[in-house]
Visitor: 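Sharing a structure, written as structure tokens. Questions coming.
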Amino acid sequence: QVQFVESGGGWVQPGGSLRLSCAASGVTLGYYDIAWFRQAPGKEREGVSCIRGSDRNTRYTNSVRGRFTISRDSAKNTVYLQMNSLKPEDTAVYYCAATRRSLIASQCLVESEYDYWGRGSQVTVSS
């Protein structure tokens, strides 16, 4: 059974850090493109970052570039999202998503390109 489970969310003050994990089971992550999406209250879900399975090429949305880092640990079959210098506007439910297809850059932050989704992890940034 293919499953992706997020963890690592929580509450943090502005300027703080969190690391989200997306643990995969039933698949080998190296064959999948993985992305992190987020959805804030009252807003649409948006793509945050993605990592390509074949070559670990990464991409970030403008609002998090330089603050967030996506990475993959093949031994643990887990993808991480290290989030630094967090801002209140980063508050959202964060989801990991996966697809077996190899996406081009313009596709990798598009929600409809992904076939598998985790249940989400809440991140709250406030003082």
Side-chain angles (χ1 to χ4, degrees):
Q1 181 181 0
V2 177
Q3 194 172 15
F4 296 88
V5 179
E6 303 95 338
S7 62
W11 173 84
V12 65
Q13 291 185 332
S17 298
L18 284 174
R19 188 178 76 162
L20 300 180
S21 300
C22 174
S25 58
V27 299
T28 299
L29 274 184
Y31 295 113
Y32 285 73
D33 287 8
I34 306 295
W36 286 96
F37 289 79
R38 67 185 180 186
Q39 187 166 22
K43 294 187 177 181
E44 293 186 353
R45 190 150 55 182
E46 66 166 341
V48 175
S49 181
C50 54
I51 184 167
R52 192 153 58 193
S54 59
D55 59 9
R56 301 190 189 221
N57 190 38
T58 61
R59 200 163 184 234
Y60 300 90
T61 192
N62 288 339
S63 62
V64 308
R65 188 174 294 114
R67 299 188 297 122
F68 290 11
T69 303
I70 191 170
S71 62
R72 188 183 83 212
D73 186 331
S74 296
K76 295 183 178 180
N77 218 28
T78 299
V79 169
Y80 301 99
L81 185 68
Q82 178 66 44
M83 305 184 293
N84 299 328
S85 302
L86 281 161
K87 304 175 181 180
E89 51 263 44
D90 295 317
T91 295
V93 178
Y94 283 71
Y95 301 89
C96 68
T99 179
R100 184 65 176 83
R101 294 174 293 119
S102 183
L103 303 177
I104 61 175
S106 61
Q107 294 173 311
C108 89
L109 294 180
V110 176
E111 182 178 354
S112 60
E113 297 292 346
Y114 291 87
D115 307 305
Y116 301 99
W117 291 83
R119 293 186 176 184
S121 181
Q122 175 70 47
V123 171
T124 302
V125 185
S126 72
S127 54

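None of the values given here were measured: they were computed from a predicted structure. For the single chain, residues carry numbers from 1 onward in sequence order.
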Visitor: Under a 3.5 Å distance rule, please check whether Glu6 uses its side chain to pair with a backbone N or O of Arg119 as donor and acceptor.
Guide: yes
Visitor: Determine, using ring centers only, whether Trp117 and Phe37 are less than 6.0 Å apart.
Guide: yes
Visitor: Report, as yes or no, whether the 6.0 Å neighbourhood of atom CD on Glu89 holds more than 12 heavy atoms from other residues, nucleotides or ligands.
Guide: yes
Visitor: Donor-acceptor check, side chain of Asn77 to backbone of Leu29, threshold 3.5 angstrom: yes or no?
Guide: yes
Visitor: Is there a path of hydrophobic side-chain contacts, each under 4.5 Å between heavy atoms of I/L/V/M/F/W/Y residues, joining Val48 to Ile70?
Guide: yes
Visitor: Minimum heavy-atom separation for Ala98 to Tyr32, with atom names?
Guide: CB-CD2, 4.1 Å
Visitor: Rounded to the nearest 0.5 Å, how far apart are NZ of Lys87 and OG of Ser63?
Guide: 8.0 Å
Visitor: Under 4.5 Å between side-chain heavy atoms, hopping through other hydrophobics if needed: is there a path connecting Ile34 to Tyr94?
Guide: yes
Visitor: Any salt bridge between Asp90 and Arg67, counting N to O under 4.0 Å?
Guide: yes
Visitor: Less than 4.5 Å apart, side chain to side chain, heavy atoms only: is that true for Leu18 and Val123?
Guide: yes
Visitor: Do you know the tightest heavy-atom contact between Tyr114 and Cys108?
Guide: OH-O, 2.6 Å
Visitor: Where the side chain of Gln107 meets the backbone of Ile104, is there a donor-acceptor pair that is under 3.5 Å apart?
Guide: yes
Visitor: For Ser126, does its backbone N or O pair with a side-chain atom of Trp11 as donor and acceptor, under 3.5 Å?
Guide: yes
Visitor: Do Leu86 and Phe68 touch side chain to side chain, with heavy atoms closer than 4.5 Å?
Guide: yes
Visitor: Would you give the length of the straight line joining atom CE of Met83 to atom OG of Ser49, rounded to the nearest 0.5 angstrom?
Guide: 11.5 Å
Visitor: Quick one: does NZ or CZ of Arg72 land under 6.0 Å from the six-membered ring centre of Tyr80, within 45 degrees of the ring axis?
Guide: no
Visitor: Identify whether Val5 and Val27 are in the same connected component of the hydrophobic contact network (ILVMFWY, side-chain heavy atoms under 4.5 Å).
Guide: no
Visitor: Could you tell me which non-hydrogen atom of Asp115 sits nearest to which non-hydrogen atom of Arg101, and how far apart they are?
Guide: OD2-NE, 4.3 Å
Visitor: Quick check: is Tyr60 connected to Val79 through a chain of hydrophobic side chains (ILVMFWY, heavy atoms under 4.5 Å apart)?
Guide: yes
Visitor: Can you measure from CZ (Phe4) to SG (Cys96) and round to the nearest 0.5 angstrom?
Guide: 6.5 Å
Visitor: Minimum heavy-atom separation for Ser102 and Ser54, please, with both atom names.
Guide: OG-OG, 4.3 Å
Visitor: Nearest 0.5 angstrom please: Thr99 OG1 to Asp33 CG, how far?
Guide: 6.5 Å
Visitor: Hey, mind stepping through Ser74 and Arg56 against side-chain hydrogen bond (donor to acceptor under 3.5 Å, both in side chains) and telling me if it holds?
Guide: CA-CA 11 Å; Ser74 296; Arg56 301 190 189 221; 3.0 Å; yes
Visitor: What is the minimum heavy-atom distance between Val12 and Ser17, and which atoms define it?
Guide: CG2-N, 3.8 Å
Visitor: Please name the pair of heavy atoms, one in Ser127 and one in Pro14, separated by the smallest distance, quoted to 0.1 Å.
Guide: N-CD, 3.7 Å
Visitor: I need the single residue from Val64, Thr91, Val93, Leu81 that forms a side chain to side chain contact (heavy atoms under 4.5 Å, CB included) with Arg38. Which is it?
Guide: Val64
Visitor: Can you check whether Thr78's main-chain N or O pairs, donor with acceptor, with Asp73's side chain at less than 3.5 Å?
Guide: no
